[in-house]
Amino acid sequence: MTAETKAREAICQVGASIFNRGLTAGSSGNISLRIEGGWLMTPTNASLGRLDPARLSQLDDNGRLIGGDPPTKESFLHRVMYEERGDTGAVVHLHSTHSVAVSCLAEIDPADVLPPITAYYVMRVGRLPLVPYFRPGDMALAEAVRGFAGKHHAVLLANHGPVVAGSSLDAAVNAIEELEETAKLYLLLRGAETRFLTPAQVKKLID
Ligand SMILES: [Zn+2]
């Protein structure tokens with residue numbers, strides 16, 4: 001199997017896994033993966049649960065479509081991450097329920113949305129900024145994400161969902177799942193007196 005065939009299979013497997021566990025619904029959510037000479041990306045209006053390896057969008061180094069179906073309309077979210085973060089190998093964006101719910105709360109700190117509930121969240125996600133709301137298709141969203149992407153591999157779009165970059169597809173998926181689980185924990189713990197990790201404990205994890 002060639003590296004590209006493996007990459008196509010990996011995207012479809014990850015997409016099905018995400019969809020089957022209810023981590024994104026309908027035709028929402030998109031995945032991209034860096035390959036030699038460009039990227040593979042999930043197509044527009046495609047459900048992550050039923051991706052066809054042969055129809056994935058293939059883009060060249062300039063972002064031009066050279067094979068497969070047209071890419072997701074949210075491809076600019078991916079592009080910005082690759083442009084601003086040189087070590088990015090994959091990007092995942094989901095409309096995962098708990099993360100979206102948290103992104104709508106008035107109480108959250110836009111500079112750092114979720115508290116340090118677990119060590120794994122701190123290690124895989126870290127500081128999570130909230131990107132202000134823009135209507136779908138507004139290219140101002142791309143520039144807003146660009147403003148955070150240099151410093152953060154994970155961002156949360158207000159009233160929309162998370163975008164996470166990783167060195168590999170596994171790294172990006174693990175991080176976005178950790179984010180979703182932490183958002184769920186945050187909602188479960190809301191209103192309860194909670195001991196989060198202390199600043200000293202967080203510092204040790206980051207060091
Ligand atoms: Zn979206």
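Ligands are counted one by one from 1 in listed order, and the atoms in each one are counted from 1 as well. Heavy atoms only: backbone and side chains are in, while hydrogens, waters and symmetry mates are out.
Less than 2.8 Å away from the Zn ion (ligand 1), the protein contributes these N/O/S atoms: E74 OE1, E74 OE2, H93 NE2, H95 NE2, H160 NE2.
In this structure, a donor-acceptor pair under 3.5 Å is absent between the side chains of E83 and H78. Side-chain polar atoms of R64 and Q58 form no donor-acceptor pair below 3.5 angstrom.
Side-chain atoms of T182 and L128, non-hydrogen and from C-beta on, never get closer than 4.5 Å to each other. At a threshold of 4.5 Å between non-hydrogen side-chain atoms, the residues Y82 and S32 count as touching. Contact of the R127 side chain with the V113 side chain is not registered, since no non-hydrogen atoms from C-beta on lie closer than 4.5 Å. Looking at F196 and V202, their side chains never come closer than 4.5 Å, going by heavy atoms from C-beta outward.
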